[in-house]
Amino acid sequence: MLFPVVFLLCGYMLLFASLTPILEPLLSAYRLAFSGANVETIDEPGAGSIFNGSTGLTTGHLNWNDFEFPEYGSAFGRITVEGTDIDTDVIYGDSTALLKRGACMSMYSHIPGCGSGILIGAHNNTYFHTLPYVKEGATVHVETTYGSYVYRVYKTAILKNDDSAGYRNELNGDKEVLLLYTCYPNDTIASTPYRFFAFCEYVSGPTVNLYE
Amino acid sequence: MTKTAKRTRSVICTIVSFVMSLSITLTVLCATLSLTALNPTFAVRTAMRSEYSEHLSAELKEEFVSFGNACNVDAAFFDSIFTDVITPDSIDRDTEAVLREFYAGEVQEKRDTAALEDALFTRLQAYAVEKGFTLSDEVNENLRGISSELCDVYNAYVSVFSMSVFKTVSRLLARYRPFGWYAAAAGAVLFAVSAVILRLYFQKKKNYLRYFIYAFSAATLMLLTAPLIALIADIGGSISISNASLYDFATGMMNGVLGSIAASAAVPALLTVLLSLVRHNAVKNNR
């Protein structure tokens, strides 16, 4: 019995020795490919997350360590739009899966209170079906986990889906503007290239500084 | 024969026996890989046996519903699509075709989805009428556009093995697949040479059969140990794939190949037992 076990050990040592020149890259590749992070071990982002209500703060100033920054996939707010049926959770991040759960805030924008553009979208067949009926002057309430915000619609526009120039200034500017958008029109069956945008100016809510 | 000569012979035969065990391992391993990982039929069977088509169907439906929500098509419309049109059987058929093309190095960018597009278009027309739309030229054109884009989504998912990274692997696989059998043949030749050397060193059967038994039992252990450890440690289950359908397929392939290699250890194990019986008789008759 000794010889076969010795042969086994020598065989594996020979294999190890022959792989030594490429052992490091092999190990790196193995660690990358078999890290254990997969569909069985990773939960769907924000699965089960529900919006538990706002602090009710309507004024004041918050620093980055005064509140918990939303996690990707979490329901961190609730939005209602006057003159429409919109009353839905606001989810941080957007993806095919997240769009099923509510209105999604693009991670290429900022959270309410940051003094810049906030981009929130949803499907025209679900949560933002009545967005195209919003009138200028309508109030938009966004309750978040860290404060209550009010915006007012000051203009609407219909833009092509690849026309970022139509809202780039508001998204990247130094004035807080809430941009709500959805596919347009909502009364036809088509893969439409158009998007309905409602531009909303900031009215009230605590300001947020993420850098202090 | 002097003591020194006997010792020298013993050392040489041990080394030859070790080389023989390596050649047996190489032969059996390469033959097993040629019949499993390098065999399109094995890959197809793995896909059918795993929940690949069920997961893919669910992933496709999620994409279709999301796309439909952007086109004013209710989610409920797609329930019938995934019951009657895009079924696990139809996905299995397309998957089989894609896998066989992958192994042959002939990956296609897009599958022919004309029949699927027509089926989707017909059902969308019925849905539009149900929703109160008149089937004007404009509406029909819109519905064609939706059908075409849904087919592109279908292609992107079912033809996953036609992605650029897989295309390179496919070409390499097609070119080097036969080398599995060539390596097995080389191992068999090396085994034959080792066997002849051992046979020539001894006159009595019981002496050279001892080294044969060492070689075959060592090969059994080599083939069994590593795959068993990998299976027990569930290496296949820790593969980093976040997509459920691909994850199922990949773990099925890995566990299938590892299990096959471990099972192939039965061949040298059986031969070890046979040779042991033959040697036992030879020892009894001092031959």
Side-chain angles (χ1 to χ4, degrees), chain A residues 1-16 18 29-45 94-101 104 121-129 132 161 181-196, chain B residues 14 17-18 20-22 25 55 59 62-63 65-75 124 127-128 131 133 138-139 141-143 145-146 148-150 210-211 213-222 224-226 235-248 250-251 254 272:
Chain A
M1 202 50 209
L2 179 67
F3 274 102
V5 173
V6 170
F7 286 1
L8 164 73
L9 293 170
C10 290
Y12 280 176
M13 270 163 49
L14 198 64
L15 179 68
F16 179 78
S18 62
Y30 173 78
R31 274 186 221 115
L32 200 64
F34 294 91
S35 65
N38 51 51
V39 67
E40 297 274 307
T41 57
I42 298 176
D43 291 329
E44 190 185 307
D94 56 7
S95 69
T96 304
L98 295 181
L99 282 165
K100 288 190 300 192
R101 293 171 44 206
C104 291
H123 283 311
N124 70 345
N125 201 31
T126 55
Y127 302 103
F128 274 10
H129 182 67
N161 59 353
Y181 77 99
T182 189
C183 294
Y184 182 85
N186 65 350
D187 58 356
T188 183
I189 300 177
S191 172
T192 171
Y194 296 103
R195 303 289 177 266
F196 176 90
Chain B
T14 305
S17 179
F18 173 64
M20 188 191 249
S21 71
L22 291 179
T25 306
H55 283 305
E59 286 155 18
E62 190 171 317
E63 289 295 322
V65 165
S66 182
F67 184 82
N69 278 330
C71 303
N72 232 352
V73 177
D74 296 330
L124 279 168
Y127 175 79
K131 289 288 172 183
F133 290 91
E138 191 189 340
V139 169
E141 198 183 317
N142 289 339
L143 298 180
I146 293 173
S148 170
E149 291 193 53
L150 286 174
R210 181 157 55 105
Y211 290 97
I213 290 165
Y214 291 159
F216 277 99
S217 50
T220 305
L221 288 175
M222 283 188 223
L224 201 55
T225 311
I235 301 288
S238 65
I239 194 166
S240 309
I241 296 177
S242 59
N243 179 290
S245 55
L246 264 183
Y247 174 80
D248 238 24
T251 51
M254 277 209 63
T272 306

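What's counted below: heavy atoms across the whole structure, side chains too, no hydrogens, waters or symmetry copies. The sequence lines fix the lettering, A, B, ..., with proteins before strands; numbering per chain opens at 1. Computed from a predicted structure; not experimentally measured.
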So what's closer than 4.5 Å to chain A heavy atoms on [X]: side chain, backbone, both or neither?
X	value
B:Ile239	both
B:Thr14	both
B:Met20	neither
B:Tyr247	side chain
B:Ile213	neither

For the [atom1] atom of [X] and the [atom2] atom of [Y], what is their distance to the nearest 0.5 Å?
X	Y	atom1	atom2	answer
B:Leu22	A:Phe7	CG	CZ	9.0 Å
B:Thr251	A:Asn38	OG1	CG	8.5 Å
A:Glu40	B:Asp248	CD	CG	7.5 Å
A:Phe3	B:Phe18	CZ	CZ	12.5 Å
B:Asn72	A:Asp187	CG	CG	7.5 Å

Taking side-chain contact (heavy atoms from CB on, under 4.5 Å) as the definition, give me every residue that meets it alongside B:Asn69, ordered by chain and number, with sequence neighbours left out.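 A:His123, A:Asn125, A:Thr126, B:Val65.
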Between [X] and [Y], what is the shortest heavy-atom contact and its length?
X	Y	answer
A:Ser191	B:Cys71	CA-SG, 3.6 Å
B:Ser66	A:Thr96	CB-CG2, 3.3 Å
B:Ser240	A:Leu32	OG-O, 3.2 Å

Just by modelled atom types, is the B:Ala226 backbone N or O under 3.5 Å from a matching donor or acceptor in the A:Tyr12 side chain?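 Side chain of A:Tyr12 to backbone of B:Ala226, a donor-acceptor pair under 3.5 Å: yes, one is there.
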So for [X], is it side chain, backbone, both, or neither that comes closer than 4.5 Å to the heavy atoms of chain B?
X	result
A:Thr182	neither
A:Val6	neither
A:Leu15	neither
A:Ala97	both

Who among [options] has the most heavy-atom pairs with chain A under 4.5 Å?
options	result
B:Ala70, B:Gly145, B:Gly68	B:Ala70
B:Val139, B:Thr25, B:Asp74, B:Leu246	B:Asp74
B:Phe216, B:Phe133, B:Phe67	B:Phe133

Please identify each residue that fulfils salt bridge (Lys or Arg N to Asp or Glu O under 4.0 Å) with B:Glu62, with sequence neighbours left out.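 Here the qualifying residues are A:Lys100.
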Counting heavy-atom pairs under 4.5 Å with chain B, which one of A:Leu99, A:Leu8, A:Ile189 comes out on top?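 Of the options given, most contacts go to A:Ile189.
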Just give me the residue among A:Thr188, A:Thr192, A:Asn186 that pairs up with chain B most often, heavy atom to heavy atom, under 4.5 Å.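 Of A:Thr188, A:Thr192, A:Asn186, A:Thr188 has the most heavy-atom pairs under 4.5 Å with chain B.
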